[in-house]
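Please read these numbers as outputs of a predicted model, since none were measured by experiment.
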Amino acid sequence: MKNKEIPYEKMYHTLFNAVTEAIEKLEAREYQSALLVLEKAQKNTETLYCQGETE
């Protein structure tokens, strides 16, 4: 079974955009919303990584 290449560039953009959005939310004192953005990005990035490993 051939391993698929891990999409590091897509993972980077996912995290970068989430961190940028979370910073904006923190500046607006929307702490819970910032946390949710980061948690979602973490899950999405982990999914991308796992799919790249197994496909």
Determine whether Val19 and Val37 fall in the same hydrophobic cluster, where Ile, Leu, Val, Met, Phe, Trp and Tyr are linked whenever their side-chain heavy atoms lie under 4.5 Å apart. no
By the side chain to side chain donor-acceptor pair (under 3.5 Å) test, which pairs, at least two apart or in different chains, include something from residues 11-22? none
Between Gln51 and Ile6, is any pair of side-chain heavy atoms under 4.5 Å apart? no
Do Ile23 and Phe16 sit in one hydrophobic cluster, given that two such residues count as connected whenever their side-chain heavy atoms are within less than 4.5 Å of each other, even indirectly? no
If every non-hydrogen atom of Pro7 is compared with every non-hydrogen atom of Gly52, which pair is closest and at what distance? CD-CA, 4.3 Å
Side chain to side chain donor-acceptor pair (under 3.5 Å): pairs with one or both residues in residues 31-50, sequence neighbours excluded: Lys25-Ser33, Tyr49-Glu53
